[in-house]
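A quick note: this is a predicted structure, and the numbers were derived from the prediction, not measured. Just follow the structure's listing: the first ligand is 1, and inside any ligand the first atom is 1.
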Amino acid sequence: MTKIKDVITFLESFAPPAYQEDYDNSGLLTGNAAAELSGVLVTLDLTEDVIEEAKSLGYNLIIAHHPIIFRGLKRLTGSNYVERTVIKAIQYDICLYAIHTNLDNVKNGVNFKIAEKLSLLNPKILAPKTGLLKKLISFVPVANKENVLSSLYKAGAGNIGNYSNCSFQLEGTGTFMPNENANPHIGKANEPEFVTETRIEVIFPGHLQRQIVQALRTSHPYEEPAFDILLLENENLETGSGVIGELHEAMDPEAFLKYLKERMNLSVIKFTRLLSGKIKKVAACGGAGNFLLKNAIQQKADVFITSDFKYHEYFDADGKIVIADIGHYESEVFTKELICELLNKNFTNIAVVLSKINTNPISYI
Ligand SMILES: [Zn+2]
């Protein structure tokens, strides 16, 4: 039996809610996550039609990329589509779950799916975030070092890229004097103690701090383990916005646009003046990505694929890059596939269906 919260826990291990942007509202929006799951419908947007689709399938969880509750709702009277959609979900007892900028910001998320569609080589995060990593330093009697480290690794510490169990260790002397109320692992009350300890250092994602400290406290033999937690300025290369990678072979700009159109199933591309060189390095960002144009230029991308540029912002291409605006829906529609693949890889016993409804509010003529 799978519960709705099992699906949520899995998704949040892949795209932690802590990685969403400040303005976002990812997470469970309606419903009771403790309920037994009857099936998952995956959509880009939530609309009343999508809620009806889930109901007709008999499914009680809809996973959407865009959160329908984005700003505060002050009343639920059905006066607009947001209120009506939320009311309908609650009436039908359907959980609405949004996985938005946290899925944008992880490796193998929304933007890496675009890279996959374009068969880009060596995809990397275009603008890695800083301030997400922390370091734990603690001091452990030599004999207990391996045990403490292994429990820290289990809790999520010590991972750097393709490497796990990363630590630094240095032997030194720890000193302390227990008082009469202490229950020391080593030493006696009111007698100064000198112990050979290993200073251990491990890096960890900041949002795991509580479980890392708990792992330290439960595995460390001391009553009062000494430790420091430092916030690091380092970039976290696994987390951030956009993607950059390379085409297998450089293409003429016109040929590339045709390729882009085919691979992303587009009817329209809006693009800036084509440059004389070939296209080899490609940057992309699903959804509104204008804030990443400078990163794409800095990293010498030949083209930046995204959406929602305004008229004056196209001028910022400035002969340095080609901006290709492919539409918000079109740039993110394969996110549905991504969510579906993730769930199917991890759960074998649940129904996961892509919504058949095209929720794009824009048509072209
Ligand atoms: Zn979007």
Side-chain angles (χ1 to χ4, degrees), residues 11-12 14-29 41-51 62-71 80-82 85-86 96-118 123 125-127 129 239-244 260 263-270 282-293 295-296 304-310 313-314 323-342 354-355 357-364:
L11 288 174
E12 294 188 348
F14 182 80
Y19 291 164
Q20 66 183 295
E21 301 294 339
D22 295 341
Y23 58 80
D24 196 10
N25 192 36
S26 288
L28 184 65
L29 302 174
L41 182 67
V42 181
T43 181
L44 198 64
D45 305 286
L46 288 159
T47 62
E48 288 171 90
D49 290 346
V50 174
I51 309 287
I62 305 179
I63 297 173
H65 183 49
H66 295 131
I68 180 115
I69 304 175
F70 201 55
R71 293 171 198 91
N80 58 48
Y81 88 95
V82 172
T85 304
V86 172
L96 302 182
Y97 181 84
I99 183 161
H100 187 211
T101 52
N102 47 330
L103 191 59
D104 290 330
N105 285 338
V106 290
K107 207 173 163 184
N108 299 320
V110 173
N111 300 309
F112 279 64
K113 189 71 187 168
I114 298 175
E116 182 195 309
K117 286 285 162 191
L118 298 176
I125 300 236
L126 177 60
K129 284 188 184 291
T239 312
S241 312
V243 70
I244 186 161
L260 175 62
R263 289 295 184 102
M264 298 295 288
N265 195 23
L266 308 172
S267 56
V268 172
I269 302 175
K270 297 197 277 181
V282 177
C285 176
N290 56 352
F291 69 104
L292 288 173
L293 179 64
N295 302 73
F304 180 41
I305 302 159
T306 185
S307 73
D308 292 357
F309 265 73
K310 291 183 185 160
E313 293 166 351
Y314 285 98
I323 296 170
D325 186 331
I326 63 172
H328 195 125
Y329 180 87
E330 291 80 358
S331 70
E332 292 183 331
V333 68
F334 299 110
T335 303
K336 296 202 297 187
E337 256 178 44
L338 166 70
I339 295 167
C340 212
E341 287 162 5
L342 282 171
L354 291 184
S355 170
I357 295 166
N358 178 344
T359 56
N360 193 354
I362 303 166
S363 300
Y364 304 102

- Going by distance alone, is a donor N or O of one side chain under 3.5 Å from an acceptor N or O of the other, for D45 and Y329? no
- Task: For the Zn ion (ligand 1), check which protein N, O or S atoms are under 2.8 Å away and list them.
- Result: H66 NE2, H328 NE2, E332 OE1, E332 OE2
- Side-chain donor/acceptor of S26 to backbone N/O of H100, under 3.5 Å: yes
- Item | Lys/Arg cation over aromatic F334: K113, 6.0 Å, 45° cone | no
- Message: Just to verify, what does E21 make a side-chain hydrogen bond (donor to acceptor under 3.5 Å, both in side chains) with, not counting sequence neighbours?
- Response: N105, K129
- Task: Classify the angle between the aromatic ring planes of F309 and Y314 as parallel (below 30°), tilted (30 to 60°) or perpendicular (above 60°).
- Result: tilted
- Under 3.5 Å, is there a donor-acceptor pair linking the side chains of E330 and N360? yes
